[in-house]
Trainee: 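Handing you this structure, nothing more for now.
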Amino acid sequence: MTNARFDKTKLPSRHVTEGPERAPHRSYFYAMGISEEEIHQPWVGVATCWNEAAPCNIALNRQAQSVKMGVKKGGGTPREFTTITVTDGIAMGHEGMRSSLASRDAIADTVELTMRGHCYDALVGLAGCDKSLPGMMMAMVRLNVPSVFIYGGSILPGKLNGKDVVVQDVFEAVGQHAAGNMTDAELAILERVACPSAGACGGQYTANTMACVSEAIGLALLNSSGAPAPYESRDQYGDFSGQAVMQLIEKNIRARDIVTRQSLENAARVVACTGGSTNAGLHLPAIAHEAGIDFDLLDVCDIFRDTPYFVNLRPGGEYVAKDLHEAGGVPVVLKELRKSGLLHEDCITASGRSLGEELDRIDREADGRVIHTVAKPITPTGGVVGLKGNLAPDGAIVKVAGMAAEDQVFTGPARVFECEEEAFEAVRKREYAEGDVIVIRNEGPAGGPGMREMLSTTAALSGQGMGKKVALITDGRFSGATRGFCVGHVGPEAAHGGPIALVRTGDVITIDAIKGEISVDLSDAELAERKGAWKGPRTNDYTAGALWKYAQLVGSARKGAVTHPGAQGESHVYMDQ
C-alpha cells in the first residue's frame, strides 16, 4: 500500500505536514521519531477513554495498540490520545452521578478539539462505559471524518452458588440487606465475586446497548462489539478497525454517509428487540443532532412500539453479553430483524459495504435461547416503550422487557420527592406504601443538573420485593440495569416548569405502557392554576464550574439533552477545511 492511494491535498493534515511553512511543525514530529514517510501519510486519531476509574475502561489502552497496528498496515500514521470517562457504576447513588451525562458531551467536545487542533484526517474511537460510547460516536458525526468505532468489550459474569452474577445483583442486594434478607457476610461475598474481569457491566445495560447500536448504525465493524474485554480476539477487531478506517479515507466515506435517518432507525430497532437501556432514547437523538437529522425521543419510541422483543438479556431476561456473543451476536439479531422487513439493508457501514451485504456473509441463526426468532418473540412489541400525556407532553420512556402485560398498567397516588436523596432515604426506611407512584423531580438535565440515574433507588425497591408493587417516575434517568415499572425522561423537566413540577403528594397518576400514556388526574385548568403559582426552579449548589456551565447550555431530554446547535447550525464542516 502506498500514499498514492490518498490525495493529501484534500485532507486536513496537510495544514500541519505539507509545504516549507510547516517546517516547524515537522520538527516536532521528527522529535517523536516519526519518519518522513509517515509525516506525509494520512493522520488518524486513535482516541480512547482509557483510565483507571473502573474495569470498563482499563483494557482500552491495550486495544488501542492493535488499532494503531491496523492503521499502519493500511498506510496511515496513527496518533493516540485519551479523553475522560465518568463511569456510572462508580458515580451511582451520590453527587458524582451529576457528572455522568455531562461527561458525554465533554468527551465529544474534547475529541473534537483534539482532532481540530492537530488536523487529523480520520478517527478510530475506543470506548467502554455508558456515556463514553455515545460521546465518541457524537464526535465522529460532528467532525464528519472517516470513522470507525470499537467497543472495549463487556465484563465476564461472576459465579456464586453455581449461578452467573453481575453488578446489578450487588445493587439489588443492598435492598435485600436493608430489608434484613441478606447478612453482612453474604453481601461481602457477593461484592467480591460479581465483577471478575475487565470490561463494562455485563447485562443489556447502557454500555452494551450502545455497543449494539454501534454495529447497527454502521460505525462499528459487524460483530466487533461482542467479545468480552479479556478476550484477546478483541485485539484482532482493533487491527481490522484500523485497516478499515484507511479504506474509508481512500473511498471518502465519512461518518454522516453512515449515520442517516435509516441507520438511526436500524439502531433503535436493535435497542427495542434486545430490551436495551432507556438511555438509548437520549443518545440516539443526540447522535442524530450531530448529523442535522431530526430524530427525537418520540421518533425513537415510535420504532420501539412496533419492534418485537426477542433477545433474552438481563435485566429483563436471563443472559448477559458474553452469552449473546456466543449465540452469534448482533449480526444474528440483525438477520432476524431483516426477516420481518424491519431493517434498512442499503445503509453503508464502516466496512465500506452495505448492511445487507454484510449480513449475507453471516451463516449463524437464532439459537432460540438467547436470541429467539422474530417469528416467535418473547413479546410482540419492543422492550422499551414511549409514553405521552398531560404529565409528559414532551414524552417519557419506560423499559417493559420481562414485564407481564398486567404489570404494564399502574394507577396510584403520587408520593413526591424533590431529589433522589430524599427518595432513597424514604425507600431505605420503607416510608412509602404499596400502590404508590414515587415521583422524583428536579433531576433533569438542567435542574439536576446532570440528569442522574436512579439505580440505587430502583435497585433498593427491587431488593425489598416492591418492584412490581410501586411505580416510579422522574425527569431524571434510569440505569440500563433498572427493572420494575420505572418511567424516566419525563419532559418538560421540573426546572423548565413541566407538569412534573406541579404534581403534589396524593394526586392520582396513571401509567399505561400498553397504550403509551402517562397522566395525572388533574384538569387543564387546575394545572394552569398551579403553573401560575409555581415559584420557579429549585435552587442547587452548582452555581459555578462545569456543571453550572452544562446547566446553562443543555436542552431538553426529548432532543437528546444536547449542548450546541448541531449540524443544522453549521457554516462549515471540519473535514472540508
Side-chain angles (χ1 to χ4, degrees), residues 1-50 60-61 63-83 107-126 136 138-150 219 238-258 290 350 352 570-577:
M1 297 181 181
T2 68
N3 284 335
R5 295 167 52 218
F6 308 104
D7 184 357
K8 187 80 168 184
T9 66
K10 295 183 178 179
L11 296 178
S13 63
R14 72 186 187 277
H15 296 298
V16 294
T17 65
E18 306 307 306
E21 68 276 13
R22 300 310 178 201
H25 304 68
R26 290 192 293 271
S27 69
Y28 284 128
F29 303 147
Y30 286 124
M32 294 184 284
I34 302 173
S35 70
E36 182 177 2
E37 179 184 10
E38 289 171 326
I39 287 172
H40 297 295
Q41 293 176 160
W43 286 57
V44 178
V46 178
T48 83
C49 298
W50 178 87
L60 296 175
N61 178 266
Q63 295 179 28
Q65 309 319 306
S66 298
V67 172
K68 290 159 67 176
M69 289 175 57
V71 170
K72 290 179 179 180
K73 288 178 184 177
T77 301
R79 305 312 296 160
E80 182 180 355
F81 64 94
T82 59
T83 184
I107 289 165
D109 291 348
T110 52
V111 172
E112 177 197 359
L113 292 172
T114 302
M115 293 285 291
R116 284 184 179 274
H118 298 95
C119 298
Y120 294 155
D121 302 317
L123 176 61
V124 180
L126 298 92
M136 192 67 71
M138 287 164 66
M140 293 172 173
V141 180
R142 183 184 303 177
L143 291 160
N144 198 26
V145 293
S147 301
V148 179
F149 177 85
I150 185 163
L219 287 171
D239 188 325
F240 296 156
S241 296
Q243 295 183 57
V245 82
M246 298 310 300
Q247 294 173 7
L248 296 179
I249 296 173
E250 183 179 13
K251 297 175 181 178
N252 194 29
I253 297 174
R254 306 181 184 185
R256 293 184 199 170
D257 298 319
I258 292 171
E290 301 289 357
E570 284 178 344
S571 60
H572 86 286
V573 175
Y574 163 77
M575 192 65 184
D576 295 326
Q577 66 180 351

Trainee: Please enumerate all residues that pass salt bridge (Lys or Arg N to Asp or Glu O under 4.0 Å) together with Glu18, with sequence neighbours excluded.
Mentor: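 Salt bridge (Lys or Arg N to Asp or Glu O under 4.0 Å) list for Glu18, sorted by chain: empty.
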
Trainee: When you measure from the side chain of Arg26 to the backbone N and O of Val16, does any donor-acceptor pair fall under 3.5 Å?
Mentor: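 No: the side chain of Arg26 does not pair with the backbone of Val16.
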
Trainee: Could you check Val148 against Gln243 for side chain to side chain contact (heavy atoms under 4.5 Å, CB included), going step by step and ending with a plain yes or no?
Mentor: CA-CA 10 Å; Val148 179; Gln243 295 183 57; over 6 Å; no

Trainee: Can you establish whether the number of heavy atoms outside His25 located under 6.0 Å from its atom NE2 is more than 12?
Mentor: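 Buried by this count: over 12 neighbours within 6.0 Å.
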
Trainee: Decide yes or no for Met115 and Phe81: does some side-chain heavy atom of the first lie under 4.5 Å from some side-chain heavy atom of the second?
Mentor: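 Sidechains of Phe81 and Met115: in contact.
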
Trainee: Going by heavy atoms in the side chains, are Met246 and Val71 under 4.5 Å from each other?
Mentor: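 Heavy-atom side-chain distance check passes, below 4.5 Å.
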
Trainee: Nearest 0.5 Å, what's the CG-CG distance between Leu113 and Leu143?
Mentor: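 The CG atom of Leu113 sits 9.0 Å away from the CG atom of Leu143.
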
Trainee: Just by distance, do the side chain of Arg14 and the backbone of Thr9 share a donor-acceptor pair under 3.5 Å?
Mentor: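 Yes; at least one donor-acceptor contact below 3.5 Å.
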
Trainee: Hey, are the side chains of Asn61 and Thr48 touching, using non-hydrogen atoms and a 4.5 Å cut-off?
Mentor: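 Side chain of Asn61 against side chain of Thr48, heavy atoms only: no contact under 4.5 Å found.
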
Trainee: Do Thr114 and Thr83 come within less than 4.5 Å of each other through their side chains, counting heavy atoms only?
Mentor: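 Not touching, per the 4.5 Å side-chain cut-off.
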
Trainee: Donor-acceptor pair, distance only, cut-off 3.5 Å: does the side chain of Ser147 make one with the backbone of Val145?
Mentor: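 Between the backbone of Val145 and the side chain of Ser147 there is a qualifying donor-acceptor contact (under 3.5 Å).
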
Trainee: Atom CD in Gln41, atom OG1 in Thr17: separation rounded to 0.5 Å?
Mentor: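 Answer rounded to 0.5 Å: 10.5 Å.
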
Trainee: Taking C-beta and beyond as the side chain, do Ile253 and Gln247 meet within less than 4.5 Å on heavy atoms?
Mentor: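 A side-chain contact under 4.5 Å is absent here.
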
Trainee: Listed by chain and number, what are the salt bridge (Lys or Arg N to Asp or Glu O under 4.0 Å) partners of Lys72, not counting sequence neighbours?
Mentor: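 Per chain and number, Lys72 pairs via salt bridge (Lys or Arg N to Asp or Glu O under 4.0 Å) with no residue.
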
Trainee: Using side-chain heavy atoms (C-beta onward) and a distance below 4.5 Å, is Val111 in contact with Met138?
Mentor: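 No, their side chains stay 4.5 Å or more apart.
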
Trainee: Has Arg254 got a side-chain atom pairing as donor or acceptor with Ala122's backbone, closer than 3.5 angstrom?
Mentor: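 No; zero donor-acceptor contacts below 3.5 Å.
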
Trainee: Hey, does Asp121 have a side-chain heavy atom less than 4.5 Å from the side chain of Lys10?
Mentor: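 With C-beta onward as the side chain, the pair stays apart.
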
Trainee: Please examine the side chains of Thr77 and Ile39, heavy atoms only from C-beta on, and report whether any two atoms are closer than 4.5 Å.
Mentor: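 Heavy-atom side-chain distance check fails, nothing below 4.5 Å.
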
Trainee: Show me, pair by pair, the donor-acceptor contacts under 3.5 angstrom made by side chains of residues 28-36, not counting sequence neighbours?
Mentor:
residue, atom, partner, partner atom, Å
Ser35, OG, Glu38, N, 3.1
Ser35, OG, Glu38, OE1, 3.3

